[in-house]
Amino acid sequence: MEIMEIYRKVRKFVIWSLPLYLLSFVSLPCQAQRVEAKNQTLNVGQVMFRQPVIAEYELHNTSSHEISILKVLTSCGCTTVDYPQGIIHGNEDFVLRATYDAKQMGHFEKQIGVYTDASREPLVLTLKGIVVDEVVDFTGEYPLQLGELLADQNEIIFDDVNYGDRPMAKIHILNNTESTVQPIVMHTPNYIKAEVSPSKIRPGRSGVALITLDTRFIKDYGLTQTVVFLGKNPGDKVAANKRIDISAVMLPSFSDLTDNEMALAPHILLSDTTLNLGPFNGKKKLKGEIEIQNIGHSQLDITKLQMMTVGLQVSLNKTKLDPGEYAKLKITAVKRDLHLVNNPRVLMITNDPDLPKVVIKVKTE
């Protein structure tokens with residue numbers, strides 16, 4: 001975490017949660033933090049009501065000098081902390097244990113400030129989870145293997161989202177190994193946020209990877225695709241058998257159009273939304289055509305034309321159609337690549353408020 005980001009978090013944390021005499025720490029010049037956490041945020045998942053839960057933070061003295069923990073402050077009295085009281089040698093690992101009393105139902109997120117004699121700024125740790133009166137486990141199957149872990153799916157589709165939306169999807173995980181793991185979703189782009197709950201999963205126990213799409217970081221309408229990977233522990237290596245495919249289709253929003261604007265809007269009409277190209281019969285490629293017409297009252301714009309799968313080639317002779325005008329969409333299926341997919345499709349994004357997304361299915365025999 002960048003120092004200035006720590007500064008902002010700690011300042012908010014101190015102002016609202018800690019005694020006033022500590023405010024003097026925030027105004028002092030920043031000094032490099034010599035303590036690092038393997039994971040600054042731990043999610044303990046579901047916790048039974050009135051059954052205290054313990055989270056262990058694995059910390060490391062990154063310097064070659066001895067340090068001591070001066071004090072540890074928490075954002076509420078519901079969290080107590082146990083930490084080393086003596087000297088921590090240079091490059092030494094140590095553990096801080098936080099206990100949450102679980103006396104309030106619902107989600108919780110608590111902060112812990114660790115002050116050492118090596119820095120004027122604390123290391124801020126976060127403890128998250130949800131207190132419930134009954135633990136609910138996933139009862140479905142785990143048919144897929146992602147690395148050494150089992151999962152219920154390895155593909156997420158965020159369909160028909162608009163700018164500003166933040167939809168969430170879940171991948172249920174089962175620890176099929178003989179040791180406790182700390183799963184992590186790796187190589188996430190800036191528009192994907194991922195968190196695993198609980199942060200640590202014991203052998204034979206399950207958890208869930210929460211995948212959130214933040215459309216504010218997607219620059220264009222249409223199909224956006226990426227690949228992330230599920231690691232067993234932080235620092236795990238990327239591998240093809242840990243792959244999770246994520247796709248999103250972002251559409252323009254027409255919710256603010258008036259009735260008059262809707263009446264004057266363009267409207268797309270296709271000769272078909274399924275293109276059957278027949279058998280290859282020794283051919284390497286098959287070609288077909290879809291006719292497009294604007295039957296509306298203003299210009300139709302086809303703003304995006306994309307292949308949602310491999311094995312297809314497309315060309316469109318016009319992307320802007322006046323009322324009554326026609327266009328031709330030519331689609332070519334390539335046998336060499338088409339065998340890799342089950343449902344080849346073409347995607348178009350338009351300014352037709354009734355049909356902003358057009359999907360054309362391509363079939364071969």
Side-chain angles (χ1 to χ4, degrees), residues 1-45 52-102 108-129 179-184 186 195-202 231-237:
M1 182 180 294
E2 296 293 334
I3 290 179
M4 289 307 297
E5 185 177 350
I6 296 175
Y7 176 88
R8 288 192 295 269
K9 283 194 173 183
V10 171
R11 184 174 180 85
K12 180 179 179 182
F13 167 68
V14 170
I15 290 174
W16 292 106
S17 306
L18 303 180
L20 289 175
Y21 73 86
L22 290 172
L23 289 174
S24 58
F25 281 97
V26 180
S27 61
L28 293 172
C30 291
Q31 185 175 339
Q33 180 60 254
R34 292 182 177 177
V35 176
E36 289 184 354
K38 186 175 181 180
N39 195 333
Q40 284 188 236
T41 298
L42 289 182
N43 190 323
V44 293
V53 61
I54 298 176
E56 294 189 348
Y57 294 88
E58 300 174 43
L59 306 179
H60 178 70
N61 176 7
T62 61
S63 73
S64 58
H65 305 286
E66 296 178 344
I67 64 171
S68 298
I69 297 178
L70 301 178
K71 56 181 170 287
V72 176
L73 300 174
T74 63
S75 58
C76 76
C78 55
T79 308
T80 58
V81 181
D82 178 36
Y83 58 92
Q85 302 291 328
I87 290 174
I88 300 167
H89 297 286
N91 298 311
E92 184 178 354
D93 295 325
F94 60 101
V95 173
L96 180 147
R97 294 178 178 84
T99 303
Y100 179 67
D101 62 18
F108 64 88
E109 182 171 335
K110 306 300 178 182
Q111 280 72 44
I112 302 164
V114 182
Y115 291 82
T116 73
D117 58 3
S119 174
R120 291 179 176 140
E121 293 294 330
L123 172 68
V124 179
L125 307 174
T126 299
L127 178 63
K128 302 170 65 174
S179 59
T180 297
V181 298
Q182 193 171 330
I184 182 171
M186 305 177 292
E195 180 181 4
V196 177
S197 174
S199 297
K200 296 182 179 180
I201 305 176
R202 299 194 301 274
K232 185 175 70 172
N233 290 297
D236 202 356
K237 293 183 179 180

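- Annotation for Glu36: atom CD does not count as buried by contact number, only 12 or fewer foreign heavy atoms lying within 6.0 Å.
- In this structure, NZ on Lys232 lies 14.0 Å from CD1 on Ile184, to the nearest 0.5 angstrom.
- Closest approach of Asn233 to Thr180, counting heavy atoms only: OD1-O, 4.5 Å.
- Remark: Phe108 engages Tyr100 in a ring-ring contact (aromatic ring centres under 6.0 Å, His included) (not counting sequence neighbours).
- Of the inter-residue distances, the one linking Glu121 atom CD with Tyr115 atom OH reads 7.5 Å to the nearest 0.5 angstrom.
- Remark: Arg34 does not engage Glu66 in a salt bridge, criterion side-chain N to carboxylate O under 4.0 Å.
- When all heavy atoms of Pro183 and Ser199 are compared, the pair lying nearest together is CD-O, 3.6 Å.
- Remark: the backbone N or O of Ile54 is not paired with any side-chain donor or acceptor of Thr99 at under 3.5 angstrom.
- The minimum heavy-atom distance linking Ser68 with Gly86 is given by the pair OG-O, 4.0 Å.
- For Asp93, the side chain to side chain contact (heavy atoms under 4.5 Å, CB included) test picks out His60, with sequence neighbours left out.
- Taking the side chain as every heavy atom from C-beta outward, Asn61 and Asn91 never approach each other to under 4.5 Å.
- The CD atom of Glu109 sits 9.0 Å away from atom OG of Ser75, with the distance rounded to the nearest 0.5 Å.
- For the side-chain contact (heavy atoms from CB on, under 4.5 Å) with Gln40, the qualifying choice from Leu59, Leu123, Ile112 is Leu123, the only one to do so.
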Would you sort out whether Thr116 and Leu70 count as a side chain to side chain contact (heavy atoms under 4.5 Å, CB included), showing the intermediate values? CA-CA 5 Å; Thr116 73; Leu70 301 178; 5.6 Å; no
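- Note that CZ of Phe94 is 12.5 Å distant from NE2 of His89, once rounded to the nearest 0.5 Å.
- Screening Gln182, Glu58, Met186 against Pro234 for a side-chain contact (heavy atoms from CB on, under 4.5 Å) leaves a single residue, Gln182.
- Side-chain contact between Val35 and Thr62 is absent, with no heavy atoms from C-beta onward closer than 4.5 Å.
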Test side chain to side chain contact (heavy atoms under 4.5 Å, CB included) applied to Leu96 and Val114, step by step: CA-CA 9 Å; Leu96 180 147; Val114 182; 3.7 Å; yes
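- Summarising the geometry of Thr126 relative to Tyr57, their closest heavy-atom pair is O-OH, 2.7 Å, with the distance given to 0.1 Å.
- Between Asn43 and Glu195, some side-chain heavy-atom pair lies under the 4.5 Å cut-off.
- Residues satisfying the side chain to side chain donor-acceptor pair (under 3.5 Å) criterion with Glu92, sequence neighbours excluded, are absent altogether.
- Counting only heavy atoms from C-beta outward, the side chains of Thr80 and Asp82 never approach each other to under 4.5 Å.
- Once rounded to the nearest 0.5 Å, the distance linking CG of Asp101 with SG of Cys76 reads 7.0 Å.
- Taking the side chain as every heavy atom from C-beta outward, Gln111 and Thr74 never approach each other to under 4.5 Å.
- Taking both residues in full, the closest heavy atoms of Leu127 and Ala98 are given as CD2-CB, 4.5 Å, listed atom of the first, atom of the second, then distance.
- Distance check: Asp117 CG to Ile67 CD1 gives 7.0 Å after rounding to the nearest 0.5 Å.
- Residues Glu56 and Leu42 share a closest heavy-atom pair of O-CD1, 3.2 Å.
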